[in-house]
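The block underneath contains the structure these notes are about, expressed in structure tokens.
Small disclaimer: the values here were computed from a predicted structure and weren't measured. All chains are named by letter (A, B, ...) in the order of the sequence lines, taking the proteins before the strands, and each is independently numbered beginning at 1.
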Number of protein chains: 2
Amino acid sequence: MTDFTDNPPGNDVPKRRRNSGGITLRDVARLAGVAPITASRALNNPSVVSDAIMQRVKDAVAQTGYVPNMLAGGLASRKSRLVAAVIPTITGNVFLEMVQSLTAALAQHGYQVMLGQSGYEDSREDELLEAIIGRRPDGVVLTGIMHSAAGRKRLLSSGIPVVETWDLAPNPIDMLIGFSHEKVGRAVAEYLHARGRRRVATLGADDDRAQRRMRSFSDAAITLGMAAPGEAAIPALVAPAPTNTGFGRTGLRELLEQHADIDAVFCSSDMVALGVLTEAQALGIAVPSQLAVIGLGDLAFARELHPALTTVRIDGALIGATAARFILDRSQDRDVGERILDIGFSIIERDSA
Amino acid sequence: MTDFTDNPPGNDVPKRRRNSGGITLRDVARLAGVAPITASRALNNPSVVSDAIMQRVKDAVAQTGYVPNMLAGGLASRKSRLVAAVIPTITGNVFLEMVQSLTAALAQHGYQVMLGQSGYEDSREDELLEAIIGRRPDGVVLTGIMHSAAGRKRLLSSGIPVVETWDLAPNPIDMLIGFSHEKVGRAVAEYLHARGRRRVATLGADDDRAQRRMRSFSDAAITLGMAAPGEAAIPALVAPAPTNTGFGRTGLRELLEQHADIDAVFCSSDMVALGVLTEAQALGIAVPSQLAVIGLGDLAFARELHPALTTVRIDGALIGATAARFILDRSQDRDVGERILDIGFSIIERDSA
DNA sequence: CTGAAAGCGCTAACAA
DNA sequence: TTGTTAGCGCTTTCAG
């Protein structure tokens, strides 16, 4: 390769640069015979550059293998083209669809996604926020609502567009795409009641959203007369999030030991439901005739189980795509329309309930 | 808040700065009564700063809510503290454990992970590489081997530490953490043979790694006499990656229609195996007595199925953690030891085979 | 242990 | 349409 350093081989220069040797826009510009800013325009805003120069710059880029330094570009332009996505844990499965579609939608516009795992406890949240804000992302997508006042304030004062998701709240930090967990619980209770179930139970995670679903399920169930006489709440088992298939198996067993008459179980995720289905089969309990099972998430395998799993579907892909659009709009000052969106949910009726 | 701009309220200044109004290290330094560089040292290299100054800087940070701009820091120091992780698709499930442990291990050292989804086709690979290199990450973790010569060259000349994973290759770009897919295929064939299976088949994805597993499985099976007389290969069905539970169900049915005597199926993932198990149950085929089923991945639910799924386990968490260590070592010029690692695999014997 | 100066590689602002 | 200049916010280099 040619010598691209800036220093003339001269003598008395008070030299002190630490040029890394990498190819910079300057090198491209020199090769193309234009000013750096012109090369920059050719790359980022082709329409304002003449065709001739455009071609020369392109050639120079090809020849040198130049790759723009987005750190530098981001610093200068205040646009990092980075979006941070925070999910409780990637192994939780439920949020993958959202991350997938968010990543894909953003990638189309030259944006990348930085992943943050918050865990289900709020402990490391502060470090995470610091790490995120430090990158000056053009957007932050949160799973759930930011509850801590400190976190809300931090995010707010950072000025970064924030999308909270998977929940509804009266005062979002900024933008919101979610659904009502209370409604989910109630809808599932009504669904089961309408199909003749009278002794329902829940297998839930200990996180806030799951708890609210389960509580409203329980309340509705009681209102509908689906609790054992004299009970103030329906049978419920709770496990640390993220819940898994194992919890479904042991949970069902425990539930039945204590309440032999249970005829329906509402699970906090399809993974749990898979465990319930499996345990029911192992125990020789017929689903749905003896026991109805409802999951949450509508993961890909749900429809393939035997019996096919009835479940609550949340359109994660829609959440991700919409969040991407919101953020992209924002970063172009295209500030159109309402930024609070209830995407609802649906109960996918299949064979297990 | 106080006025933190740099401009004296003066008059004739040839002003032209575009200070964003955000709090910068300069503001912190001024508040602490030190030079910016001293504040920088207090934050990044506390040991070289006197206790008194340390305290003043800390106070100033707390008071202002200062969050370092990592874009600026990265540009100046050539350390982005960003690591790019490329996986085929996040919804594939198999690689999550790796991403999870990579993210966690790096987070402990102040590094973040940027996610890239390559899809299973190599089409968008080039854009992805450009996007990645443009961020000047301190490391890139690739799922699988980079096959394209252009990609290899690009990465190589970027000077970024690269870890290829989930495979073995004679000439990795840089570092490598993987296992032999050929050995997996052979080991599974031998495992089934040793347990008396004589008519085996595969349900595989169409990606390169799955194909090599299946081919070597087939070869070994034939050598061991597990093919129908006169056949040059065992029955095999292929679907586009990522394969799913549905493929397991339809695949088993198809396989049996054409080869009623099949007594074992090796699946390209636990998800597929779940489908096979489900279909077998629906068809009234006893597992393992009539049909043995082996998966790959040892996902969390595998042990919870009924029968519990025998599967090939790859320690994704180890891959992720090791990749993190390799990259961290590199970024500190701690260049110790061999950087090619075969982590092997194990067949987890459970009830389905 | 502390500081002044000079960039890192890029783009906004202004000028031609 | 193109160029000049002056930073973006931080850290390296060199000097005290």
Is the phosphate of [N], meaning OP1 or OP2, less than 4.0 Å from a side-chain N or O of [X]?
| X | N | value |
| --- | --- | --- |
| A:T38 | D:dG3 | yes |
| A:N69 | C:dC8 | no |
| A:S77 | C:dC10 | no |

Can you measure [X] atom [atom1] to [N] atom [atom2] for me and round it to whole angstrom units?
| X | N | atom1 | atom2 | value |
| --- | --- | --- | --- | --- |
| A:K79 | C:dG9 | NZ | P | 23 Å |
| A:I37 | D:dA6 | CD1 | C1' | 12 Å |
| B:R26 | D:dC8 | CZ | P | 7 Å |
| A:R56 | D:dT1 | CZ | C1' | 13 Å |
| B:L71 | C:dC10 | CG | C1' | 12 Å |
| B:R30 | D:dC10 | CZ | C1' | 15 Å |
| A:L25 | C:dA12 | CG | P | 12 Å |
| A:R78 | D:dC10 | CZ | P | 11 Å |

Inset, instruction - Return the 5'-most residue of the pair B:S50, B:L75 with respect to DNA chain C, ranking by each residue's nearest nucleotide. - result: B:S50

Inset, instruction - Nearest-nucleotide wise, let me know which of A:P68 and B:P36 is further upstream toward the 5' end of DNA chain C. - result: B:P36

Inset, instruction - Spell out yes or no: do the side chain of A:R136 and the base of D:dG9 have one donor N/O and one acceptor N/O closer than 3.5 Å? - result: no

With no hydrogens and no angle check, is any side-chain donor or acceptor of [X] less than 3.5 Å from a backbone partner on [Y]?
| X | Y | answer |
| --- | --- | --- |
| B:K79 | B:D138 | no |
| B:T103 | B:V113 | no |
| A:S158 | A:I133 | no |
| B:N45 | B:V48 | no |

Inset, instruction - Select base, sugar-phosphate, or nothing to describe what B:A35 touches, counting heavy atoms under 4.0 Å on all strands. - result: sugar-phosphate

Legend entry - Side chains of B:R81 and B:Q112, donor plus acceptor under 3.5 Å: no

Inset, instruction - Find the distance between NZ (A:K153) and CG (A:L129) and round it off to the nearest 0.5 Å. - result: 13.5 Å

Legend entry - Approximate separation, where rounding is to 0.5 Å, of A:R30 CZ and A:T24 OG1: 7.5 Å

Inset, instruction - Compute the bend angle of the helix from C:dC1-D:dG16 to C:dA16-D:dT1 from the end axes (five pairs per end), rounded to 10°. - result: 30°

Inset, instruction - Report the residue (A:A72 or A:G33) whose heavy-atom-nearest nucleotide on DNA chain D is the more 5′ of the two. - result: A:G33

